[in-house]
Peer 1: 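This is the structure I want to talk about, given as structure tokens.
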Protein chains: 2
Amino acid sequence: MAGRPSIFDEEKVLEKARELFWTRGYEATSLDQLLEAMGLGKSSFYHAFGSKKELFEKIMDRFVNDAIHRLAADLPIHPHPIERIREFFRGIASSPSHLHRKGCFMGNTVVELINTEHSLSARAAKKLERLEELFRTYIAAAQRSGELQTKEDPAVLALYLLTVWNGLNITRRVHPNPEALRPLIELQLQFLK
Amino acid sequence: MAGRPSIFDEEKVLEKARELFWTRGYEATSLDQLLEAMGLGKSSFYHAFGSKKELFEKIMDRFVNDAIHRLAADLPIHPHPIERIREFFRGIASSPSHLHRKGCFMGNTVVELINTEHSLSARAAKKLERLEELFRTYIAAAQRSGELQTKEDPAVLALYLLTVWNGLNITRRVHPNPEALRPLIELQLQFLK
DNA sequence: TTTATTTTGTACCAATTAGTACAAAATGCG
DNA sequence: CGCATTTTGTACTAATTGGTACAAAATAAA
């Protein structure tokens, strides 16, 4: 227990790497771009993170998607969880355009890597399943509490919401304007009543 | 008007290339993989297609997404166009698993290249807009003919269907089984009445 | 059969890819 | 201090990336 102290703050350096991976994807993010953004030398990088792939895995596990994370944190303390879910989706419409272009980190990863780096794609898919589970849990609870009247199977409704999320994250790339997205989202949310 | 005859059938060779691009994506498909699959030498390749990027553009323009193409061909001759659209979506559930893994060529392209090869991503986005227009046209017609009772704005309904399509093409990667997809799709189609 | 035209095969290229080897530097502990 | 331990910087690799140069091959028309 001694050794030369490391210069970098792991938290900050991972954040920089995530930003790059999120916007450019896995393959299109080169090691040199990572090193530059993280402010690390090659030696420190490999010593600390092992490989590009391991770094990517670590980032997926740590941050998941910001949005998912925030939602998961908010739901248990919200008096009307379903309303919080509605806000989750409504927020998409008013996002700044650079967020439209980034879309969903996990969705992007599933799409990009499913036939080339399947283990990474599957790992991302599991995060999306966690989001789906989150939806299912709170939908079921809301049906019991009376916040939701619908008799639809919570599992199907949850999968529906996941698909809305996935769909919006492509559609918002095609139509990055709130005027198009807002009525679309309101329509989609009509199943949540 | 003379010259050495070319060995390859352009149609077949483009089909091979599309298959590769569709499953692996743009970046992850190397020139060597293309040459091998197409059965061409480098010289013939560059002479005939210019560059990897131009080839990709040509393929996008020519084939678009198979599914979109077939739908666009069927709709004008179908007695109940909306029912044809429903079948379009129901077909997803019963697709073989290799199609689940491929997803939508244009959706994949929008996602992969939006921050790295923006012109290609935008080109793909335009194809998706064509699909959206197709939906809008036939929804509006069905409202006039009485096949649809809903009073929802055809533009919003069309964007909704595009988003369902986009969403399913990610969700089907996470849940490639018909038992999960079928009730989901039926739920989503309830707006089409 | 020459000639213009087009396609093809081979060799080559500079740049970039992810990743390693290894010694020097910087610490805490005994 | 001196030593074990850890992190860092520099140099180096082997493989792969997309793309070019150029001459040989194969044709149709004159």
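Letters go in sequence order (proteins before strands), and every chain restarts at 1. Atoms considered below: every heavy atom in the structure, side chains included; atoms not considered: hydrogens, waters and symmetry mates.
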Peer 1: For the pair made of CD1 in Ile7(A) and C1' in dT27(C), what is the distance, rounded to whole Å?
Peer 2: 13 Å

Peer 1: Salt bridge check, Lys126(A) against Glu132(A): does any charged N sit closer than 4.0 Å to a carboxylate O?
Peer 2: no

Peer 1: Tell me yes or no: between the side chains of Ser95(A) and Arg172(A), is some donor less than 3.5 Å from an acceptor?
Peer 2: yes

Peer 1: Got a sec, which residues hit ring-ring contact (aromatic ring centres under 6.0 Å, His included) with Phe105(B), two or more places apart in sequence or on another chain?
Peer 2: Trp22(B), Phe56(B)

Peer 1: For Leu40(A), report the nucleic acid contact type (base, sugar-phosphate, nothing); a contact means any heavy atom under 4.0 Å.
Peer 2: nothing

Peer 1: Taking any heavy-atom pair under 4.0 Å as a contact, classify Phe8(B): base, sugar-phosphate, or nothing.
Peer 2: sugar-phosphate

Peer 1: Could you list by number each residue of residues 10-24 of chain B showing a heavy-atom separation from DNA chain D of less than 4.0 Å, or answer none if no residue does?
Peer 2: none

Peer 1: Rounding to an integer number of Å, can you tell me how far Leu35(A) CG sits from dT8(D) C1'?
Peer 2: 13 Å

Peer 1: Can you tell me the distance, in whole Å, between the CG atom of Leu55(A) and the P atom of dG19(C)?
Peer 2: 11 Å

Peer 1: Along nucleotides 12-18 of chain D, 5' to 3', which nucleotides get a B, which get an S, and which get a -, given that the test is a protein heavy-atom distance under 4.0 Å?
Peer 2: -----SB

Peer 1: Identify whether the distance between the nearest side-chain nitrogen and carboxylate oxygen of Lys12(B) and Glu15(B) falls below 4.0 Å.
Peer 2: no

Peer 1: Could you pull out all residues at least two apart from Phe63(B) that satisfy ring-ring contact (aromatic ring centres under 6.0 Å, His included)?
Peer 2: none

Peer 1: Over how many whole Å does the gap from Phe56(A) atom CZ to dG19(C) atom P extend?
Peer 2: 14 Å

Peer 1: For the side chain of Ser43(B), counting heavy atoms from C-beta on, which of dT8(D), dT8(C), dA26(D) is nearest?
Peer 2: dT8(C)

Peer 1: Rounded to whole Å, how long is the line connecting atom CZ of Arg4(A) with atom C1' of dT6(D)?
Peer 2: 9 Å

Peer 1: Would you call Arg24(A) and Glu112(B) a salt bridge, using N to O less than 4.0 angstrom?
Peer 2: no

Peer 1: With sequence neighbours left out, write down each residue that passes ring-ring contact (aromatic ring centres under 6.0 Å, His included) with Tyr46(B), or none if nothing qualifies.
Peer 2: none

Peer 1: Would you call Lys16(A) and Glu36(A) a salt bridge, using N to O less than 4.0 angstrom?
Peer 2: no

Peer 1: Taking only residues two or more places apart in sequence, or in another chain, which ones meet Phe89(B) in a ring-ring contact (aromatic ring centres under 6.0 Å, His included)?
Peer 2: Phe135(B)

